[in-house]
Amino acid sequence: MSQKIKISVVMSVFNAELYLKLSMESILNQTFTEFEFVIINDGSTDDSLKIIESFNDERIVLINQTNKGLAIALNNGIEKSRSGLIARMDADDIAMPNRLMHQYKFMDQNPEYVVTGCNATVIDMEGNYVCNSSLPINDSECKMRLPDSPFIHPAVMFKKEAFNKAGRYPVQMLTSQDYVLINRISKFGKFYNTKEALLKYRLVPNSNSLRDNKESKRVRFIMNKAISDNTISEDDYNFLKYITKNRNSKDNLINYYILLAKKYLWNNYQPRLARKNLSKSFQLNPSFYTVMLLLVSFLPSKLILQSYKVMKSSKK
C-alpha cells in the first residue's frame, strides 16, 4: 500500500451476503482515502468470501478464520491493524461518504477524546427509512448514559491504545460486547457524538434481540459484572450461549417486527406502520405483549410517549 494509513476500518463478516457489497462500497468510496480496510471473514458459509474477493482494492486486508464469534474476530482484526485509529463498521450498514473524513478531523484536532461516534439514519432490512437516532453529544451527556452505550457501535472511531488498555472486546461476553468495552474505555478519555447522521444503520432480525424482560435483566446483570469485575461465571457464560444460539429464525423475526413497531411508535410517530409490523408479529406469535402494544398504538401521541417512559423504567 503506497499511501500512509491513518485509519484502520475493521469489519467482521459472517454470512452477510445480502448487504455486504453495499457496505463495502460505502467504505471504499469515502472522500477520505488514507485508510486500510481490515475485513475478518469469520467462517462464512454463504457467498460472503466471494463478494469480498470480487473487490480489487489494495486497501482491503482480508483475514480468513474459522467461525469464532464477533469479539474474537474483531480483536484479531484490530491486533493486525496498522493504524492507531480504529473505525468500526458492520457488514449490513452503509457509511455516508464523509464519515471517515469527519471523524478523522475531529480525533486529530481533539487528542483528549478516545471515542467519537455519530447519529444515524435507521433503516429496515429492505433499506426503507425508519427514523433518525438522537444520541447524547458531548462527553458529560455521553457518560451519563453509561452503563448503556451512548454510541451506535458500527459508527464509532476509537484510539487503539485506549482499546488495548480497556482490555479489548470481552470474548466470553457473547452479546453486548461493545457495552462492556465502551464502559471500560470511558476512563481513558472523552466521548463525543456528532449530530450529523454519518451512517445508515440497518435493523435486521438477529439473535441478540431480546424481548423477554427476565432475560434482558440477566444480560444487564452479567454485563455490569463484566464491566466491574472483568469476570463472567460459567453459569452466566452458558446462559449467554443459550440465548444467542437457541433462537430460531421465527423468534428473530417476531422480535424484529416488534422492534420496528416500537420505533414507529416512539421514534417516528407512525402508528399505522407500527400496527402493520405488530400484526406480522401477532401472526407468528399471538402474545399478550403484542396485543398491549397494539392497544398503545391507538392512544394519542402524548400518551404513547408516556407509556414509553413507563416501559423503559420497568426494564431497569
Side-chain angles (χ1 to χ4, degrees), residues 7-17 19-20 23-24 27 36-49 51-53 60-93 114-115 149 151-185 188 204 206-210 219 222-247 252:
I7 300 170
S8 295
V9 181
V10 179
M11 171 194 284
S12 176
V13 175
F14 176 68
N15 290 351
E17 63 180 2
Y19 312 112
L20 182 57
S23 184
M24 288 183 63
I27 291 297
E36 63 174 350
F37 192 4
V38 182
I39 303 176
I40 309 96
N41 175 38
D42 189 30
S44 296
T45 57
D46 63 359
D47 283 338
S48 292
L49 181 57
I51 293 169
I52 298 167
E53 292 178 334
I60 295 175
V61 179
L62 175 60
I63 300 170
N64 282 306
Q65 64 179 41
T66 56
N67 182 243
K68 296 178 180 178
L70 180 61
I72 291 177
L74 292 176
N75 286 343
N76 189 19
I78 294 171
E79 182 179 353
K80 291 178 170 61
S81 67
R82 292 176 284 173
S83 170
L85 277 179
I86 307 298
R88 278 283 289 110
M89 183 67 182
D90 280 349
D92 50 11
D93 298 325
V114 290
V115 184
S149 177
F151 300 108
I152 295 171
H153 198 65
V156 300
M157 179 180 288
F158 54 78
K159 290 184 176 178
K160 186 176 181 179
E161 180 183 10
F163 168 81
N164 287 326
K165 285 181 180 178
R168 314 200 303 172
Y169 289 101
V171 297
Q172 286 188 304
M173 196 74 195
L174 302 178
T175 183
S176 305
Q177 304 97 331
D178 57 314
Y179 281 52
V180 177
L181 173 68
I182 291 300
N183 277 270
R184 289 179 181 171
I185 211 172
F188 298 113
V204 293
N206 65 76
S207 60
N208 293 332
S209 298
L210 299 176
V219 169
I222 297 169
M223 179 188 77
N224 289 338
K225 191 168 180 60
I227 292 166
S228 60
D229 301 340
N230 195 23
T231 59
I232 297 175
S233 70
E234 185 177 351
D235 283 347
D236 287 341
Y237 175 77
N238 287 333
F239 169 76
L240 294 176
K241 191 174 181 180
Y242 172 78
I243 65 170
T244 54
K245 297 292 185 183
N246 290 279
R247 286 183 173 273
N252 293 336

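Both backbone and side-chain heavy atoms feed into the values below; hydrogens, waters and symmetry mates do not. From a predicted model like this one, the values you see are computed outputs, not experimental measurements.
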Novice: Flag the pair Ile222 / Tyr237 as yes when at least one side-chain heavy-atom distance between them is below 4.5 Å, and no otherwise.
Specialist: no
Novice: Is any side-chain heavy atom of Leu240 closer than 4.5 Å to a side-chain heavy atom of Thr175?
Specialist: yes
Novice: Kindly compute the distance separating CD1 (Ile182) from OG (Ser176), expressed to the nearest 0.5 Å.
Specialist: 12.5 Å
Novice: Rounded to the nearest 0.5 Å, how far apart are CG of Asp46 and CZ of Phe14?
Specialist: 8.0 Å
Novice: To the nearest 0.5 angstrom, please state how far the CG atom of Asn67 sits from the CG atom of Asn41.
Specialist: 9.5 Å
Novice: Output the distance between atom CG (Asn183) and atom OG (Ser149), rounded to the nearest 0.5 Å.
Specialist: 7.5 Å
Novice: Let me confirm one number: the CD-CD1 distance from Glu161 to Ile86, rounded to the nearest 0.5 Å.
Specialist: 12.0 Å
Novice: Is there side-chain contact between Asp42 and Ser12, with heavy atoms separated by less than 4.5 Å?
Specialist: yes
Novice: At their closest point, which heavy atom of Met11 faces which heavy atom of Ser23, and how far apart are they?
Specialist: CE-OG, 3.2 Å
Novice: May I ask you to check whether Asn15 and Thr45 show a side-chain donor-acceptor distance below 3.5 Å?
Specialist: yes
Novice: The criterion is side chain to side chain contact (heavy atoms under 4.5 Å, CB included); which residues satisfy it with Ala71, sequence neighbours excluded?
Specialist: Tyr169, Val171, Gln177
Novice: With a 4.5 Å cut-off on side-chain heavy atoms, are Leu62 and Leu49 touching?
Specialist: yes
Novice: If we only count heavy atoms from C-beta on, is the Phe163 to Leu74 side-chain gap below 4.5 Å?
Specialist: no
Novice: Are any non-hydrogen side-chain atoms of Asp93 and Ile152 less than 4.5 angstrom apart?
Specialist: no
Novice: Identify the heavy atoms of Phe158 and Ile78 that sit nearest to each other, and give their distance.
Specialist: CZ-CD1, 3.9 Å
Novice: What are the two closest non-hydrogen atoms of Arg82 and Glu36, and how far apart are they?
Specialist: N-OE2, 2.6 Å
Novice: Indicate the atoms forming the closest heavy-atom contact of Arg184 with Gly167, along with that distance.
Specialist: NH1-O, 4.4 Å
Novice: Check for a donor-acceptor pair, side chain of Asp90 on one end and backbone N or O of Pro154 on the other, with a separation under 3.5 Å.
Specialist: no
Novice: Of Val180, Ile227, Asp236, which is the lone residue that meets side chain to side chain contact (heavy atoms under 4.5 Å, CB included) with Met173?
Specialist: Val180
Novice: How many angstroms lie between OG in Ser8 and CE in Met157, if you round to the nearest 0.5 Å?
Specialist: 10.0 Å
Novice: Restricting to non-hydrogen atoms, name the atom on Asn75 and the atom on Arg168 that form the minimum distance, rounded to 0.1 Å.
Specialist: OD1-CB, 3.4 Å
Novice: Taking Ser48 for its side chain and Ala16 for its backbone only, find out whether a donor-acceptor pair lies under 3.5 Å.
Specialist: yes
Novice: Can any side-chain N or O of Lys160 pair as donor or acceptor with the backbone N or O of Ser81 at less than 3.5 Å?
Specialist: yes
Novice: Run the side chain to side chain contact (heavy atoms under 4.5 Å, CB included) test against Lys80 and tell me which residues pass, sequence neighbours left out.
Specialist: Ile63, Asn76
Novice: State, to 0.1 Å, how close Ile39 and Met24 come at their nearest heavy-atom pair, and which atoms those are.
Specialist: CD1-CE, 3.6 Å
Novice: Would you say that Phe239 contacts Val219 through its side chain, given a criterion of any heavy-atom pair below 4.5 Å between the two side chains?
Specialist: yes
Novice: Within a strict 4.5 Å, meaning less than it, do heavy atoms of the Ile185 and Lys159 side chains meet?
Specialist: no
